[in-house]
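This one's a predicted model, so the numbers in the text were calculated from it and none came from an experiment.
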Amino acid sequence: MSPTVPSGTDSTRPSNVQPNAGEEAAIDTAGPKTSRRGSIAVSLFWLSAAWLIVALVGTSFLLTELYSRALDNSLTDTLKFHIDSLAGRSLEPEAQVDELRIQDPRFGRAATGWYWVIRDGEGNIVNLSRSAVGMRLPAIIGPFDPDGYRSGVMTDDNGVRIRAVERAIISEGRPLQVMVTGSLDEILALVGEFRGQTLMVLGAVGIALAIMSGIGARLALRPIGRLEAAIEKVREGEAQAITGAYPREIAPLAEEVNELLRSNTQIIERARNQVGNLAHGLKTPLAVLRNEAHLHKGSPLAKVVVSESDKMTSLVSTYLDRARIASRTAIVGKRADATLVMLRLVRVMEKLNSGTTIAFVRPDASLPWFRGDEGDLEEMAGNLLDNACKWSRGKIAVSMVAERAQSGPMLLIKVEDDGPGLTPEEAEKVLRRGVRLDEKTPGSGLGLDIVKELVDVYGGSLALKRSVLGGVLAELRLPGARLGGPRLG
């Protein structure tokens, strides 16, 4: 395929002018910016982990409280059993209250919290366990329940917290109060061990559940990743529409994107046709005006008609070109091998400019493709290369490198010459539409403006700097695409 000859090349550089080092004129189009606010999967993971921590810690405290109450109830039942045993023995015939004993060895060791004591109606001690010898056990304050028991929590002389249960009985016609105590510190120690074990077990369960929630979030979001890959294929030019099966929550999004692509194509085609029809409709009346004016060349009116009709013809051509550019570049799904395009352009320019040497540094295979229409790349690079050939003194250097940007890979094309160069002010002027700094050199002054319009459409940038060769260095940055296959040529 032969390269497209760049249209409307720009001859804009005056003679004997050198730009200042480090200064440049550039255009850079930045589209709407989107911000990334983290991963949905990570957010779901941390949300699940936070909820699991709260739930499991709450569960741990609840289980600990239930276990503590269960142990306390069990201790109370045990103490009531011992009270009933003492009360039953005291009611036996010929029983001596001061000789009653409990066989549980815990009541034989001092400072254990396990005590029992029997008092008469006046509060005098009638009998007590060995462990209670020398101890002052305070009385339980409060009424007896319907079963004849009352209980309370107190601390003995050794600082041991105890649970005390007391029962009022009548033995041999005299009232007695039987009180048995048990250690609460032992229960608290068991509760502490249970809490630690519970936290360890629930922590392991929480970690397992958090990992499972993360895996579940990843699996649930995999269709979004497939949709992203499908959209990227469309953007990279590997597909014309989004295809594949998606869950019912995501399928409408894929359908809307496809509908947006189709609608965008239709709108662009309709607008291009309307602009083209308008422009072609104006060509015939303008031609008639020019012909009539040429029949009366000498009159002032004829001169005005010719001048204005030429301006209108230029405008019509301009907007036809813009419609052509818009229809070609606004449709996604195209890409081009920049290396092959530049090789063809260099060969053509060397044939057209036999006295000019173009040094082309061929890039390696890692250079990304251009994400856009091949004809547009030829238009942009060809105008820059043709402009360099017109103003160079015989040496031109062309190179291409890859750059990384936030939006993705970028393709940087450098074209530099050993011509007279530009001042920063002149470099800024030549990027304006139709501006020519030297009217003697052939050209319309629209070449760089065509490049600028295409650069704007693709969201790239064009910069004019000073070249190490002495002339102008044109840096053209364009969006890159993934590699599309082996290069030839």
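- Looking only at distances, a side-chain donor or acceptor of Asp337 sits under 3.5 Å from a matching main-chain atom of Thr339.
- For the atom pair CZ of Phe360 and CG of Leu343, the computed distance is 5.0 Å after rounding to the nearest 0.5 Å.
- Residues Leu71 and Val191 form a side-chain contact, since some pair of their non-hydrogen atoms from C-beta on lies under 4.5 Å apart.
- Between Leu184 and Val153, the closest side-chain pair of non-hydrogen atoms falls below 4.5 Å.
- When the salt bridge (Lys or Arg N to Asp or Glu O under 4.0 Å) test is applied to Arg222, no partner is found at least two apart in sequence or on another chain.
- With Arg371 contributing its side chain and Gly480 its backbone, the two residues share a donor-acceptor pair below 3.5 Å.
- By the neighbour-count criterion of 12 heavy atoms within 6.0 Å, atom CZ of Arg161 is sparsely surrounded, having that number or fewer from other residues, nucleotides or ligands.
- Between the side chain of Thr64 and the backbone N or O of Ser60, at least one donor-acceptor pair lies under 3.5 Å.
- Within the 3.5 Å criterion, the main-chain N or O of Asp418 finds a donor-acceptor partner in the side chain of Arg393.
- Without hydrogens or angle criteria, Asp417 side chain to Gly419 main chain gives a donor-acceptor distance under 3.5 Å.
- Rounded to the nearest 0.5 angstrom, Asn383 CG and Lys452 NZ are separated by 14.5 Å.
- Leu377 is listed as a side-chain neighbour of Ile413, based on a closest heavy-atom distance under 4.5 Å.
- Summarising the geometry, atom NZ belonging to Lys465 is positioned 11.0 Å from atom CD belonging to Glu416; distances are rounded to the nearest 0.5 Å.
- Remark: Glu350 does not engage Arg347 in a salt bridge, criterion side-chain N to carboxylate O under 4.0 Å.
- Taken from CG in Leu367 to CZ in Phe370, the straight-line distance is 12.5 Å, to the nearest 0.5 Å.
- With contacts defined as side-chain heavy-atom distances shorter than 4.5 Å, the pair Leu209/Trp51 does not qualify.
- Within the structure, no pair that satisfies the salt bridge (Lys or Arg N to Asp or Glu O under 4.0 Å) test touches residues 184-208, not counting sequence neighbours.
- The backbone N or O of Ser68 lies less than 3.5 Å from no partner atom in the side chain of Asp72, so there is not a single donor-acceptor pair.
- At least one donor-acceptor pair under 3.5 Å links the side chain of Ser309 to the backbone N or O of Val306.
- Looking at every heavy atom in both residues, Leu52 comes nearest to Ala210 through CD1-N, 3.6 Å.
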Intermediate values then yes/no, side chain to side chain contact (heavy atoms under 4.5 Å, CB included), Leu473 and Leu464: CA-CA 6 Å; Leu473 166 61; Leu464 301 180; over 6 Å; no
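- Side-chain atoms of Met349 and Asp386, non-hydrogen and from C-beta on, do get closer than 4.5 Å to each other.
- Checked by atom type and distance alone, the side chain of Ser263 never pairs as donor or acceptor with a backbone atom of Glu259 at under 3.5 Å.
- The closest side-chain heavy-atom distance from Thr357 to Ile396 is not below 4.5 Å.
- The CG atom of Leu476 sits 8.0 Å away from the CG atom of Leu412 when rounded to the nearest 0.5 Å.
- Contact check for Leu227 versus Tyr246: side-chain heavy atoms found under the 4.5 Å cut-off.
- Listed by chain and residue number, nothing satisfies the salt bridge (Lys or Arg N to Asp or Glu O under 4.0 Å) test with Glu255 (two or more places apart in sequence, or in another chain).
- Among residues two or more places apart in sequence or in another chain, the salt bridge (Lys or Arg N to Asp or Glu O under 4.0 Å) test is passed with Arg69 by Glu65.
- Sorted by first and then second residue, the salt bridge (Lys or Arg N to Asp or Glu O under 4.0 Å) pairs involving residues 396-410 (not counting sequence neighbours) are Glu403-Arg477.
- Applying the salt bridge (Lys or Arg N to Asp or Glu O under 4.0 Å) rule to Glu256 yields no partners; only residues at least two apart in sequence or on another chain are considered.
- A 4.5 Å side-chain heavy-atom check between Thr76 and Arg163 finds at least one atom pair inside the cut-off.
- A distance of 11.0 Å separates CE in Met400 from CG in Leu478, rounded to the nearest 0.5 Å.
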